[in-house]
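Structure, as structure tokens:
Below, each value reflects all heavy atoms present in this structure, side chains not excepted, and no hydrogens, waters or symmetry copies. Along the sequence shown, residues carry numbers from 1.
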Amino acid sequence: MVMPSTEREAGVRRDDSGLVRGRVTPNAPLAPLVWFKSGGMAETLFEPIDATDLQTFIRGVDPAAPVWPLGLGSNLIVRDAGVRGVTVRLGKPFATVEQVDATTLKCGGGASGILVSSAARDAGIAGLEFLRGIPGTVGGFVRMNGGAYGREVSDILIDCDMVLCSGERTTVLLGDLHYTYRHSELPAGAVVVSATLRGHAGDRKVIGAEMDRIAAEREATQPLRSRTGGSTFKNPLGKKAWQLIDEAGCRGLRVGEAQVSEKHCNFLLNLGGATSADIEALGEEVRSRVKAHSGVTLEWEIQRVGEI
């Protein structure tokens, strides 16, 4: 099979023995797919229709080409020069939630926190309400041990299914991920296609009320209607990142069209024309000022990908 040069340059090798059914887009703009609405292009964007399709595609990718999964595009800065290799986006076919038993759900890697928590509520499964406050997908918050409101994914995960860079599909148990705060040992380039989550029996009305409380608190305290990436920095042990940022005089600080939110100091905003370089530079300036003021080195929670 003769491939377009754009696919060859992206490291994609395919022949007639493997039929890829999903959508392959060379030189795909990523800015429309991420919350900041900034950044460059994906060398190759692949949107599979199921896990088998993803395996088929990955097996045809040059092993030297990086593979990177993209979820809802929150907690993410895509740098302006774009992303080399293959970007895998799990769309609607992976936005699924199935009830396994009275307290367990099997969730597709593209399912949002809102979808999962709502399905848990409808099934009378408590303990997953905090997912209502995570702006991402199952694949993303399994990788980073996403959390909010005193709970995190390591509290509810049983196992996850993933497709490795080799194209092999494997199941990994909770203990093998070696979770710490906002970190896992998920293999680089692995794409989480599903996860099994367990809560406990609860009252639907009580669960719904807690979800409503979380939604209202987020609306009141976070700039949800702006071009933002979510929480920018991890909370240092025993401290709040937003408070350290505020005390260092960074509330409202700007670099070009990028600004520290006035509403919540641990959120960065694209006021309209910011480049990813502006946003990242603003973050580094915040880190520098916090270090100078308090001696604390803030760690990025937002993932930064691509070429500078």
Side-chain angles (χ1 to χ4, degrees), residues 69 71-72 74-75 94-162 170-187 190-218 221-222 230-231 233-242 266 299 301-303:
L72 289 183
S74 59
N75 292 100
F94 293 85
T96 58
V97 181
E98 299 177 7
Q99 187 170 358
V100 177
D101 59 35
T103 59
T104 309
L105 299 175
K106 183 82 167 183
C107 308
S112 68
I114 292 176
L115 176 61
V116 175
S117 58
S118 297
R121 175 200 60 207
D122 296 345
I125 300 174
L128 279 66
E129 297 91 340
F130 74 98
L131 296 178
R132 176 64 180 83
I134 300 180
T137 59
V138 166
F141 56 64
V142 166
R143 173 173 287 278
M144 69 174 292
N145 193 20
Y149 302 96
R151 299 271 285 166
E152 54 191 10
V153 169
S154 60
D155 296 325
I156 59 173
L157 182 74
I158 297 174
D159 58 40
C160 64
D161 291 339
M162 66 184 73
T170 186
T171 300
V172 177
L173 299 177
L174 168 64
D176 295 326
L177 291 171
H178 303 290
Y179 276 133
T180 55
Y181 177 65
R182 303 296 178 265
H183 177 76
S184 75
E185 293 185 8
L186 203 71
V191 180
V192 175
V193 294
S194 68
T196 307
L197 308 177
R198 177 170 291 160
H200 57 272
D203 182 272
R204 291 178 177 84
K205 290 184 179 179
V206 174
I207 295 168
E210 174 63 7
M211 289 173 58
D212 290 345
R213 183 194 70 80
I214 289 172
E217 183 173 329
R218 292 186 71 233
T221 61
Q222 300 175 11
S231 294
F233 302 107
K234 300 177 183 179
N235 287 323
L237 185 63
K239 300 179 183 296
K240 295 291 187 182
W242 75 264
N266 200 23
E299 294 183 33
E301 180 172 325
I302 286 181
Q303 187 180 11

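- Atoms OG1 and CG, from Thr196 and Leu174 in turn, are 11.5 Å apart once rounded to the nearest 0.5 Å.
- Of the possible donor and acceptor atoms, none in the side chain of Arg132 sits under 3.5 Å from a partner among the backbone N and O of Ala215.
- Note that CD of Glu301 and CG of Asn235 are 7.5 Å apart. Values are rounded to the nearest 0.5 Å.
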Please walk me through it: do Gln303 and Asn75 pass side-chain contact (heavy atoms from CB on, under 4.5 Å)?
-> CA-CA 6 Å; Gln303 187 180 11; Asn75 292 100; over 6 Å; no
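- Distance alone, capped at 3.5 Å, is enough to place a donor-acceptor pair between the Asp155 side chain and the Glu152 backbone.
- With a 4.5 Å cut-off on side-chain heavy atoms, Leu177 and Cys160 count as touching.
- Summarising the geometry, atom NE2 belonging to His178 is positioned 11.5 Å from atom CG belonging to Leu186; distances are rounded to the nearest 0.5 Å.
- With hydrogens and angles disregarded, a donor-acceptor distance shorter than 3.5 Å links the side chain of Asn266 to the backbone of Phe233.
- Val142 places none of its side-chain heavy atoms less than 4.5 Å from the side chain of Ser184.
- For Asn145 against Arg182, the heavy-atom pair with the smallest separation is O-NH1, 3.1 Å.
- Across all non-hydrogen atoms, the minimal contact from Ala201 to Thr103 is N-CG2, 3.7 Å.
- Leu157 approaches Tyr179 most closely through the heavy-atom pair CD2-OH, 3.6 Å.
- Across every non-hydrogen atom of Gly147 and Ile134, the tightest pair is N-CD1, 3.7 Å.
- Side-chain contact between Val100 and Arg198 is absent, with no heavy-atom pair separated by less than 4.5 Å.
- Looking only at side-chain heavy atoms (C-beta outward), Ser194 and Val138 stay at 4.5 Å or farther from each other.
- Contact annotation: the side chain of Glu210 never approaches that of Tyr149 to less than 4.5 Å [non-hydrogen atoms, C-beta and beyond].
- With values rounded to the nearest 0.5 angstrom, Glu98 atom CD is found 13.0 Å from Thr104 atom OG1.
- Checking each of Ile125, Thr137, Ile156, Leu128 against Val116 for a side-chain contact (heavy atoms from CB on, under 4.5 Å) leaves exactly one that passes, namely Leu128.
- The closest side-chain heavy-atom distance from Leu197 to Leu131 is below 4.5 Å.
- Contact detail for Gly230 and Ile302: the closest heavy-atom pair is O-CD1, 4.1 Å.
- Between Cys107 and Val97, the shortest heavy-atom distance links the atoms SG-CG1, 4.1 Å.
- By the 4.0 Å N-to-carboxylate-O rule, Glu129 lies too far from Arg121 to be salt-bridged with it.
- The backbone N or O of Ala190 lies less than 3.5 Å from a partner atom in the side chain of Arg143, making a donor-acceptor pair.
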